[in-house]
Amino acid sequence: MKDRSFLVVVLFFVLGSAMVSSMDSLSYTFKSLFYGVAMIVLLALGLVRLYKYFTKTKQY
């Protein structure tokens, strides 16, 4: 279930960025704000995933 919510958030920001960039009716300020929030969230999620991956105990 956690992976599903993670994928939904990633998909929202990736597809949202593509949609926002193609809309000419939105202001530049809103576009910049959306891109900034998307970059921060995606970077934070990536760092959390990397931390969990490297701290996971490996069993042989």
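Because the structure is predicted, anything quoted here is derived from the model rather than measured.
- For the atom pair CZ (F12) and CG (L42), the distance works out to 10.5 Å, reported to the nearest 0.5 Å.
- Cluster annotation: F30 and V37 are assigned to the same hydrophobic cluster (Ile/Leu/Val/Met/Phe/Trp/Tyr, side-chain heavy-atom contacts under 4.5 Å, transitive).
- No chain of hydrophobic side-chain contacts below 4.5 Å, direct or via other Ile, Leu, Val, Met, Phe, Trp or Tyr residues, connects M39 to V41.
- Using cut-offs of 30° and 60° on the angle between ring planes, the pair F34 and F13 is tilted.
- Residues R49 and D3 come closest through the heavy atom pair NH2-OD1, 3.0 Å.
- Of all non-hydrogen atoms in S21 and Y35, the two that sit nearest each other are CB-OH, 2.9 Å.
- For the atom pair I40 CD1 and L45 CG, the distance stands at 12.0 Å (nearest 0.5 Å).
- Atom CG of L26 sits about 8.5 Å away from atom CE of M19, to the nearest 0.5 Å.
- Hydrophobic clustering (side-chain heavy atoms under 4.5 Å, transitive across Ile, Leu, Val, Met, Phe, Trp, Tyr) keeps L43 apart from F54.
- Checking side-chain atoms of K52 against main-chain N and O of L47 turns up no donor-acceptor pair under 3.5 Å.
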